[in-house]
J.: 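Please find one structure pasted underneath; my questions will follow.
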Number of protein chains: 2
Amino acid sequence: MPKVGMEPIRRQQLIKATMAAIDEVGLADATVARIARHAGVSAGIISHYFGGKDGLLEATMRQILSDLGEAVAACRRKLRNDTPRARLEAIIEGNFDRSQVTDPVAKTWLAFWASSMHKPRLARLQQVNDRRLYSNLCAQFRRLMPLDEARLASRTLAAVIDGLWLRGALTPEGLDAEGARRAALATLDRLLAASDSVAASDSATAIDAR
Amino acid sequence: MPKVGMEPIRRQQLIKATMAAIDEVGLADATVARIARHAGVSAGIISHYFGGKDGLLEATMRQILSDLGEAVAACRRKLRNDTPRARLEAIIEGNFDRSQVTDPVAKTWLAFWASSMHKPRLARLQQVNDRRLYSNLCAQFRRLMPLDEARLASRTLAAVIDGLWLRGALTPEGLDAEGARRAALATLDRLLAASDSVAASDSATAIDAR
DNA sequence: CTTTATTGATTGAACGTTCAATAAAAAACT
DNA sequence: AGTTTTTTATTGAACGTTCAATCAATAAAG
């Protein structure tokens with residue numbers, strides 16, 4: 001059934017199949033044969049479109065990261081009032097929307113997280129994403145509190161978000177997106193409450209990112 | 001140089017070598033040959049003492065979990081005053097002491113975390129450990145706040161601890177144990193501050209654990 | 001008839017496990 | 001005290017399996 005213009009279709013198909021395979025048997029047992037079977041195509045097609053298994057894995061991680069970025073951006077666009085607090089809430093919403101917070105995505109995410117420790121190409125993707133999250137958080141907190149405090153708050157909130165994903169991916173019942181969202185928002189409340197009571201006498205114009 | 005009573009020595013040696021190999025090249029490339037080389041022994045010895053590679057990996061995870069439990073218990077024993085707050089602080093200290101918070105331990109920890117998603121034997125170990133942490137946290141928070149709040153606080157603090165480990169394992173500079181400890185303690189401060197101001201008019205005797 | 005898309009058997013490398021052989025220590029014996 | 005026997009510890013080559021990548025063959029579409 002070969003037609004012209006199959007490339008984007010097959011690429012999407014194979015990326016989705018990769019997540020399905022990782023969800024099913026884990027990254028270690030996600031062979032090209034298994035992924036291809038999930039997509040209903042032959043194994044050889046993977047090298048044809050992605051240059052090899054590694055290319056497919058990298059493309060899959062890119063897909064997840066870009067979906068995440070997209071979800072956060074969408075939440076920010078929906079904002080009516082542009083307070084720092086609203087921005088921070090939007091970041092949280094975006095991180096627990098993530099296109100869909102499905103089991104395949106969460107498990108693939110964690111698998112790549114571990115894998116990126118020793119694959120430079122994945123590590124770079126991972127790091128860019130991390131820094132972006134941290135910068136975004138820090139820029140907003142910075143408008144509400146001194147720099148040192150803002151850094152600590154950013155670090156804490158980032159850890160909570162990642163920790164909730166991690167625990168969600170591992171729990172047998174799957175990630176409870178709604179509960180996680182609430183927990184993250186409650187943490188934000190506490191982080192802001194501390195500085196609210198002190199003072200808002202701060203003319204912070206410079207934005208900082210690490 | 002075969003002597004009698006080598007078993008416990010070799011087991012320790014091989015478990016340590018496993019962590020070193022995972023630190024070096026990741027779980028996926030930690031072959032029996034490489035692990036054996038790290039320990040300065042032959043590959044065959046692994047099957048002899050652990051029944052196979054899987055046995056060695058399980059033993060290594062057990063070692064890490066037991067070291068963690070030991071560190072937490074040690075911190076609790078050192079307590080002079082037995083307030084809930086002191087207990088919670090001890091749990092945090094223990095989690096960021098972890099025998100030694102070294103790079104090999106952190107990376108091995110995360111590798112097993114990911115791996116346990118699809119290996120039932122590892123998943124069981126993982127889950128027992130998680131529940132213990134959560135129960136311990138919840139039991140202490142329960143003495144200071146209503147049940148619902150205590151559950152949320154436990155979930156949050158557990159997520160922060162795991163999140164800090166996760167981010168520490170991934171960051172190129174390695175886990176900053178001291179900074180992580182401070183961040184976790186600051187989070188605890190905030191979690192307790194919220195309830196402190198409300199009331200301490202609670203005669204909570206029943207301890208709860210999920 | 002050329003181009004694009006796809007297949008699937010084949011290949012070569014890498015891996016975990018096995019096991020006969022070996023070597024040192026301990027025990028038994030003279 | 002010296003010699004043999006048994007036990008324990010260890011090796012590393014061989015085996016069978018699995019996997020990713022390759023590529024000649026095929027087939028539909030242009």
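In what follows, chains carry the letters A, B, and so on, assigned in the order in which the sequence lines appear, proteins first and then strands, with residues in each chain numbered from 1. Source: prediction; values computed, not measured.
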J.: Using the closest heavy atom to pick a nucleotide of DNA chain D for each, name whichever of A:D29 or A:G44 lands nearer the 5' end.
T.: A:D29
J.: If you check every side-chain atom of B:R10, which of D:dT11, D:dT10, C:dC15 has the closest atom?
T.: D:dT10
J.: Check the orientation of A:F96 and A:W165. Use parallel for under 30°, tilted for 30 to 60°, and perpendicular for over 60°.
T.: parallel
J.: For the side chain of A:M6, counting heavy atoms from C-beta on, which of D:dA20, C:dT7, C:dT6 is nearest?
T.: C:dT6
J.: Tell me: CG of B:L56 to P of C:dG16, nearest whole Å?
T.: 11 Å
J.: For B:L14 and C:dG16, give me the distance from atom CG to atom P, rounded to whole Å.
T.: 14 Å
J.: Rounding to an integer number of Å, can you tell me how far A:R34 CZ sits from D:dA20 P?
T.: 11 Å
J.: Taking side chain to side chain donor-acceptor pair (under 3.5 Å) as the criterion, tell me which of A:R11, A:R10, A:K16 meets it with A:Q13.
T.: A:R10
J.: From CD1 of A:I9 over to C1' of C:dT6, roughly how many Å is that when rounded to an integer?
T.: 14 Å
J.: Just to verify, which of A:R77, A:R181, A:K78, A:R182 counts as forming a salt bridge (Lys or Arg N to Asp or Glu O under 4.0 Å) with A:E93?
T.: A:R181
J.: To the nearest Å, give me how far apart NE2 (A:H48) and C1' (D:dT22) are.
T.: 13 Å
J.: Round to the nearest Å and state the distance from B:I46 atom CD1 to D:dA9 atom P.
T.: 17 Å
J.: Counting side-chain heavy atoms from CB outward, which of C:dT7, C:dG16, C:dT18 is closest to B:S47?
T.: C:dT18
J.: Rounding to a whole Å, what distance do you find between B:K53:NZ and C:dA14:C1'?
T.: 11 Å
J.: Using a heavy-atom cut-off of under 4.0 Å over every strand shown, decide if A:G52 touches base, sugar-phosphate, or nothing.
T.: sugar-phosphate
J.: Could you check which of C:dT17, C:dT6, C:dT7 has an atom nearest any side-chain atom of A:S42?
T.: C:dT7
J.: Pick base, sugar-phosphate or nothing for B:G5, based on heavy-atom distances below 4.0 Å to the nucleic acid.
T.: sugar-phosphate
J.: Is there a salt bridge (charged side-chain N to carboxylate O under 4.0 Å, His left out) between A:R34 and A:D29? Walk through the geometry before answering.
T.: CA-CA 8 Å; A:R34 181 169 245 126; A:D29 292 321; over 6 Å; no
J.: Measuring only between side-chain heavy atoms, which start at C-beta, is A:L122 closer than 4.5 Å to A:L57?
T.: no
J.: Could you check whether B:Y49 gets within reach of a base, just the sugar-phosphate, or nothing at all, counting any heavy atom under 4.0 Å?
T.: sugar-phosphate
J.: Would you mind reading off the distance between A:L27 atom CG and D:dA20 atom P, rounded to a whole angstrom?
T.: 11 Å
J.: Side chain of A:I45 only, heavy atoms from C-beta on: which candidate in C:dG16, C:dT6, D:dT11 is closest?
T.: C:dT6
